[in-house]
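The block underneath contains the structure these notes are about, expressed in structure tokens.
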Amino acid sequence: SGGMCESVPGLYVFGDSLVDVGNNNYIRTLARANYPRYGIDFPTGPTGRFCNGKNVADLLSEKVGLPSPPPYMSLVSDSKNLNTTNATVTGVSFASGGSGVFTGPEALDNSTISLPKQVDYYSMVYDQLVQQLGSDRTQTHLAKSLFLIVIGSNDLFSYFNKDSKLPGQYTVQQYVDRMVYTLKGLLK
């Protein structure tokens, strides 16, 4: 059975509402899914997921035998320091509903956690893993871990929004090329 799946030690999730497991519950934004109809398939009710039950991140973690990655924002104290350790070893979700590759005037919603900010948060988790496991074990751990990245639809919504000034600045191709260029940099 299991095979390859048994060797996945962690799942790290970056993205938007399709994979958000509740980060937006912890930030000041209108992009929230913590009220009824959302989460009706969870015994506890709304979870901050933008769906009625489990999302892709949950299903993937289940498939590889890991707990659902907790929302990063649930792990940080007011001082923005991680206040828990073992949760980050099996994975963390940085995803934020409404977020995108771009920030600033190009973003659909600047009150959410953009991909550049998600990457910043990941680097804090990385530093914590190095403290916890040492550099070599962290490298081995992350090399075997899965990184799920679901992002970009909100950037396209931002471009095609009827009030958008972006089509006056870029052709669709130029805009998509900028998205890809930005995403490549963040992936590195």
Non-hydrogen atoms of [X] and [Y] that approach each other most closely:
| X | Y | result |
| --- | --- | --- |
| Asn110 | Gly104 | ND2-O, 2.7 Å |
| Ser61 | Ser68 | OG-CA, 3.4 Å |
| Leu148 | Ala57 | CD2-CA, 3.9 Å |
| Gly97 | Asp20 | N-OD2, 2.9 Å |
| Gln174 | Gln169 | OE1-O, 4.2 Å |
| Thr90 | Leu66 | O-CD1, 3.9 Å |

All side chain to side chain donor-acceptor pair (under 3.5 Å) counterparts of Gln131, not counting sequence neighbours:
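Applying side chain to side chain donor-acceptor pair (under 3.5 Å) to Gln131 gives none.
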With a 3.5 Å distance limit and no angle check, can you tell me whether [X] reaches the backbone of [Y] through a side-chain donor-acceptor pair?
| X | Y | value |
| --- | --- | --- |
| Thr138 | Leu129 | yes |
| His141 | Gly10 | no |
| Ser164 | Ser158 | yes |
| Asp58 | Asn55 | yes |

Does some side-chain heavy atom of Val89 sit less than 4.5 Å from a side-chain heavy atom of Pro9?
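Side-chain contact under 4.5 Å: no.
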Any heavy-atom pair between the side chains of Leu187 and Ile149 that's under 4.5 Å?
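Yes - at least one pair of side-chain heavy atoms lies under 4.5 Å apart.
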Run the numbers on Phe102 and Tyr159 for ring pair (Phe, Tyr, Trp, His ring centres under 6.0 Å), then give the verdict.
CA-CA 11 Å; Phe102 295 128; Tyr159 183 91; over 10 Å; no
Straight-line distance of Lys165 NZ to Tyr170 OH, nearest 0.5 Å:
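Rounded to the nearest 0.5 Å, the NZ-OH separation comes to 14.0 Å.
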Taking atom CG of Leu75 and atom CE of Met124, what is their separation to the nearest 0.5 Å?
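Going from CG on Leu75 over to CE on Met124, the span is 12.5 Å.
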Linking I/L/V/M/F/W/Y whenever their side-chain heavy atoms sit closer than 4.5 Å, directly or via other members, would Tyr12 and Val101 fall into one cluster?
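Yes; Val101 is reachable from Tyr12 via cluster members.
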Val119-Met73 co-clustered via ILVMFWY side chain contacts under 4.5 Å
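Result: yes, single cluster for both.
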Identified ring-ring contact (aromatic ring centres under 6.0 Å, His included) counterpart of Tyr121 within the set Phe14, Tyr72, Tyr26, Phe94
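So, applying the ring-ring contact (aromatic ring centres under 6.0 Å, His included) to Tyr121 and each of Phe14, Tyr72, Tyr26, Phe94, only Tyr72 qualifies.
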Start with the C-alpha distance between Leu133 and Thr140, add both sets of side-chain angles, then the distance that settles side-chain contact (heavy atoms from CB on, under 4.5 Å), and finish with yes or no.
CA-CA 10 Å; Leu133 305 173; Thr140 304; over 6 Å; no
Counting only heavy atoms from other residues, nucleotides and ligands, does the tally under 6.0 Å from OH of Tyr181 exceed 12?
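No, OH of Tyr181 has 12 or fewer neighbouring heavy atoms, counting only those of other groups under 6.0 Å.
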Partner of Ser96 under side-chain hydrogen bond (donor to acceptor under 3.5 Å, both in side chains), chosen from Asn23, Asp109, Asn24, Thr29:
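The passing option is Asn24.
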Classify the angle between the aromatic ring planes of Tyr35 and Tyr38 as parallel (below 30°), tilted (30 to 60°) or perpendicular (above 60°).
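The arrangement is perpendicular - the two ring planes meet at more than 60°.
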